[in-house]
Protein chains: 2
Amino acid sequence: MNDLDLGAFIKDHRKKAGLTQLQLADLAGIGKTTVFDIEKNKETVRFNNILAILQVLNIKIEFKSPLTK
Amino acid sequence: MNDLDLGAFIKDHRKKAGLTQLQLADLAGIGKTTVFDIEKNKETVRFNNILAILQVLNIKIEFKSPLTK
DNA sequence: CACGGTTTACTGCCTTAACAGTAATATTTA
DNA sequence: TAAATATTACTGTTAAGGCAGTAAACCGTG
């Protein structure tokens, strides 16, 4: 599975971008509660909300499999 | 943004694994409708459902930013 | 310490994703 | 082509995520 702490990863990048949770939420067009949930690693959030945050923070997703490798 | 067609990517890997949508759904512990939706690139699906599918198909997620690079 | 801003936490309402069931269409195989 | 299988699509129900509002806890900084 993914042993990376995505929540902490996002939080770290948000901090480095100088944004508060509320600012990030507004920029991503989602609610502040959702930002909080994602940083707390709540997995049952909508994929599009995670994508919206990653886009604001300029983070890219890559999918890798033994086939594509 | 992500120009990768995740739905097609998953579908391709599912086919190569010799699984039907229903089999993949059962293995991932989710409904067949959700598998269909994900392969159709519906973004308003829950993140954990996507993770469940990727895990079954042995696909890993990586997050990359200019900072981590 | 006190003040202001941020984060964490909780609540309740509203919206909607997830799901099984079903059926129709498409694809594969005999 | 016919049969079997798989995919796509639709529907109604149910469970739960998204959200604003609110407040408490936390954290700096003057």
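Naming: A, B, ... by sequence-line order, numbering from 1 per chain.
Scanning both residues, B:Q23 and B:G18, for their nearest heavy atoms gives OE1-O, 3.7 Å. Scanning both residues, A:T34 and A:N49, for their nearest heavy atoms gives CG2-ND2, 3.8 Å. Between A:I53 and A:I38, the shortest heavy-atom distance links the atoms CD1-CD1, 3.5 Å. Contact between B:A28 and B:A52 at its shortest, heavy atoms only, is O-CB, 3.7 Å.
Direction change of the helix axis from one end of the helix from C:dC1-D:dG30 to C:dA30-D:dT1 to the other is 70°, with five pairs defining each end axis (rounded to 10°).
Here the P atom of nucleotide C:dA18 and the CD atom of B:E43 are 13 Å apart, to the nearest Å. Put simply, CD1 on B:I10 is 14 Å from P on D:dT7, counting in whole angstrom units.
Proximity of B:K11 to the phosphate of D:dT8: a side-chain N or O atom is located under 4.0 Å from OP1 or OP2. Close to C:dT7, at under 4.0 Å from its OP1 or OP2, lies no side-chain N or O of A:K40. At the phosphate of D:dC27, neither OP1 nor OP2 sits under 4.0 Å from any side-chain N or O atom of A:K15. A sub-4.0 Å separation between OP1 or OP2 of D:dT7 and a side-chain N or O of B:R14 is present.
How far CD1 of A:I61 is from CD1 of B:I61: 5.5 Å, rounded to the nearest 0.5 Å. To the nearest 0.5 Å, atoms CD1 (A:I50) and CD (A:E43) are separated by 8.5 Å. A:K32 contributes atom NZ, which lies 10.0 Å from atom CG of A:D26 (distance to the nearest 0.5 angstrom).
Of the residues listed (B:K16, B:R14, B:K15), the one engaging B:D12 in a side chain to side chain donor-acceptor pair (under 3.5 Å) is B:K16, and it is the only one.
A donor-acceptor contact shorter than 3.5 Å is absent between the side chain of B:D37 and the backbone of B:K42.
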Within the sub-3.5 Å range, which N or O atoms of nucleotides 21-23 of chain C have a protein N or O partner, and how far apart are they?
from	atom 1	to	atom 2	distance (Å)
C:dG21	N7	B:K32	NZ	3.1
C:dG21	O6	B:K32	NZ	3.4

List, with names and distances, any nitrogen or oxygen atoms from the protein found under 3.5 Å away from nitrogen or oxygen atoms belonging to nucleotides 12-18 of chain D.
from	atom 1	to	atom 2	distance (Å)
D:dG17	OP1	A:T44	OG1	3.0
D:dG17	O5'	A:T44	O	3.2
D:dG18	OP1	A:R46	N	2.7
D:dG18	OP1	A:N49	ND2	3.1

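Of the two residues contacting DNA chain C, namely A:Q23 and B:G29, the nearest-nucleotide position lying further toward the 5' end is that of A:Q23.
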